Structure formats: C-alpha cells, structure tokens
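Notes follow once the structure below has been shown.
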Amino acid sequence: MNMNLTLLGQMITFAMLVWVTMKYVWPPITKAMEERQAKIADGLAAAERGKHEQELAERRSKELLKEAKGDAAEIIAQAQKRSNEIIEEAKEAARAEGDRILTAAKAEIEQEANRAREQLRAQVVTLAVAGAGRILKREIDAKAHDDLLKDVIKQL
Amino acid sequence: MASENLTAGEYIKHHLGHLTVGEGFWAINIDTMAWSIGLGVVFLLIFLKAAKTATAGVPNGVQNFAEILVEFVDQQVKDSFHGRSKLIAPLALTIFVWVFLMNIVKLLPYDLFPMLANAVGIEYMRINPTSDINATFGMSIAVFLLIIFYSIKIKGFSGFGKEMIFTPFGKYLVPFNFIMKVVEELAKPVSLSLRLFGNMYAGGLIFTLIALVPWWIAWTVGLTWSLFKLLIITLQAFIFMMLTIVYLSMAHEDH
C-alpha cells in the first residue's frame, strides 16, 4: 500500500469525468426533465380547463334542451288549438251550407208546388167551364159571366 | 480457486499486488488506472447517450435510467446543499456512479481477470480500483481542493483565514483553534478516502479468503458475501457522494 503517481492520475481522471458530466451530461438531462415537468403541468392544467368547459357545455346543453322542450310543447298546444278551430270552422261552414241548400230546396219545392197549383187551378177552371158549359149549354156566355168565373177561380 | 502450485499466503499476496510500472513514488498502478478510466468511460457513454437523446417527450430506456439517477442525486443535493452551484450536482452524480461502477467490478468472478491477465503474461491484475488507496485518495483530495477553493471563494481569503484561527474557541486560543481547524479540514479527505478504501480492501480480502475454502462449500459463503457486498457497494458510493455534498455545503456557509 504505497502512495504513488496513481494518485495524481486518479485526480486527473476524476476531474475530467466531472468536467464532462458538468458540461455535456447534466444540462441536457435536467433540461429535458424540466421541460417534461412543464409539459405535464401544462397538460394537467389543460385537462382541468377542458373538464370545466365540458361542465359548462353540459349545463348549457341542458338549458337548451329544456328550452326546446318548452317550445315544442307550446307549438303542439298551438297546433292542437288551431286544428280544433279549423274543425269548428269547417263544421260551421258545413252547417251553413246545409242550411243554404235546404232553404233553396224548400223554396224550389214551394215554387214547384205553386206552379203545380196554378196549373191545376187553370185546368180545374177549364174543366169547370167546360162542365158548366155542358150543363148550361148556350145559356152562359163566357164573356158575360167572366167576372163570375174569375171569382170562382179565386175561390179555388 | 487458488492454483494448485501456490500456497495460501502466496495466493493472497498475489491478489493484493498491483500491476505497477516505475519505482517508488513515481510508480503508477496500470491496473487501477486502466480499470478506473475504463469504467469512467462506461459511465460517460451511458450518460452521454442519455443526454444526446434526451427529450421532453416519452423517455426511452437509457434516458429513464439516467433520469432516475439524476433525479435521485439532484434531490440529495437540493436537500443538503443550499447554495447555488452548477458544479456540485454533476460532481455528486459522477462520484456516485463512478464509485459504484468501480466497486461493483469486485463482484465479477474473483479469479477471472487475474487468470486472463496471467494467460497473456501479466503477473498482477487488481480490477477493483477503489481497493487501491491511490484511487480513493485521488478523489478525496480533489474534493478537498474543491472544499478549500469554495471556502476561499465564498468567504474571501480573510474570511476563510479568520474562520481558521478564531473558531471554535474565540480569539484567546488562536493557535489551538488553528490546529483544531487544520485537523478538522484534513480529516475530511482522509476519512472520505479511508472509509471507501477500507471497506473495499477488506471486502476483497474476504473474497480472497473465500476463494481458499474448499470448492464445494465456497459458493455458499461466496454468495452470502456477494449479496452483502452489493449492499456495501451501493452504500459506500452513496456515502462518498453524500459526504462530498455535505462538505461542500459547509464550505459554502458562513459561520
């Protein structure tokens, strides 16, 4: 166990190793580690932010959904109301049309009846005159008894 | 196992010898130098690869490994060192990984490398640099120089001088203070290096002894000691790093 020049050689080797480590090994590795640390921190922050945003969006979507549901319900109610109205209107129109047709038919029937009555009356008159003529032969002059005949016709 | 033609004493002695070139103080232990530089290069290759491909995105295998160590060391430095220094964390990382690597080669098959070396005609080959006192002292003296450098840089020359002579007992015991402080400062590198050296040297010696027990029982003690040693290896690397941080932290603090 004797001290010799190896001591100096070891000191030089040691110094060189430390120098290389300090210059070329330590800085890149610690830099990469620091950068990764920053990156991870950023990532975590971003995730946190994303989570928060998602929460907000969810809340907003819920609100929108509620609003839309309300709108839809309102629209359905309006449509129902409107359809009821339309049905009522149609019913009303149909009833009016029916009435109108009925009235027209009634009027026509009356007219028809009147006309028939007129015809009948005229024929009855003719028949009556003919009958009376036959009975009275020439004793009754149509011209002389026109007033009487007209009176008879009115009474028929 | 020991070669049949060696006695136990010769075997142990053989394992404690260094591959040395030169005489006296000017000798240099080639095996220690080669293995420590080689392991230093392994350390740098792994970490330089990690540094080159370092990305803030998803890290791959090497980067994960490097980052675990870097983060571990960085945490230790942040916990015990309160100044700001670009040097201290890389220094701690280098110490931890390099010492760990130099310790762990001890767990390689104990006779393998000496035998390989013998096969190519090299007589001595100790692959564990940290059981060479020169290696541990080399590191601890470098740390000691850093301690002195930072003490003077932070406190100023006069501040450091005042600290050396006026603490811990005030101005009436100046010479005594000075002796105390010198011992205190010198104790740092000595304890740093002797602790590591002692652990590794003793561990290696026990491996040598284990290699001498009969082969059919050697694996039980060998395995037990290797597992225990694994703990010591990591612990010693950690202690060396931790104490370096603490000493440098003390050098940065004004009293």
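Every chain is numbered from 1 and lettered A, B, ... according to where its sequence line falls, protein lines coming before strand lines. None of the values given here were measured: they were computed from a predicted structure.
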Q: With a 4.5 Å cut-off on heavy-atom pairs, point out which of Met33(A), Met16(A), Lys39(A) contacts chain B the most.
A: Met33(A)
Q.
For the interface with chain B, which of Thr6(A), Val25(A), Val20(A), Leu5(A) has the highest count of heavy-atom pairs at distances below 4.5 Å?
A. Thr6(A)
Q | Within-4.5 Å side-chain heavy-atom neighbours: Tyr24(A) and Leu44(B) | A | no
Residue [X] excluded, over 12 heavy atoms near [atom1] under 6.0 Å:
| X | atom1 | value |
| --- | --- | --- |
| Glu108(A) | CD | no |
| Glu71(B) | CD | no |
| Glu97(A) | CD | yes |
| Glu184(B) | CD | yes |
| Phe160(B) | CZ | yes |

Q: Work out which heavy atom in Leu7(A) is nearest to a heavy atom in Asn134(B); give both atom names and the distance.
A: CD1-O, 3.5 Å
**Q.** Nearest heavy-atom neighbours spanning Ala54(B) and Ala32(A)
**A.** CB-CB, 3.8 Å
Below 4.5 Å from any heavy atom of chain A, which atoms of [X] appear? Answer side chain, backbone, both or neither.
| X | value |
| --- | --- |
| Ala89(B) | both |
| Thr55(B) | backbone |
| Leu145(B) | side chain |

[options]: which one forms the most heavy-atom pairs within less than 4.5 Å of chain A?
| options | answer |
| --- | --- |
| Ala50(B), Pro129(B), Gly57(B) | Gly57(B) |
| Lys52(B), Glu67(B), Lys49(B) | Glu67(B) |
| Ala56(B), Ala135(B), Ala51(B), Gly138(B) | Ala56(B) |

So how far is it from [X] [atom1] to [Y] [atom2], rounded to the nearest 0.5 Å?
| X | Y | atom1 | atom2 | value |
| --- | --- | --- | --- | --- |
| Gln63(B) | Arg36(A) | CD | CZ | 5.5 Å |
| Trp26(A) | Leu87(B) | CH2 | CG | 11.0 Å |
| Ile28(B) | Asn4(A) | CD1 | CG | 7.5 Å |
| Thr21(A) | Leu91(B) | OG1 | CG | 9.0 Å |
| Met139(B) | Gln10(A) | CE | CD | 6.5 Å |
| Phe14(A) | Thr94(B) | CZ | OG1 | 6.5 Å |

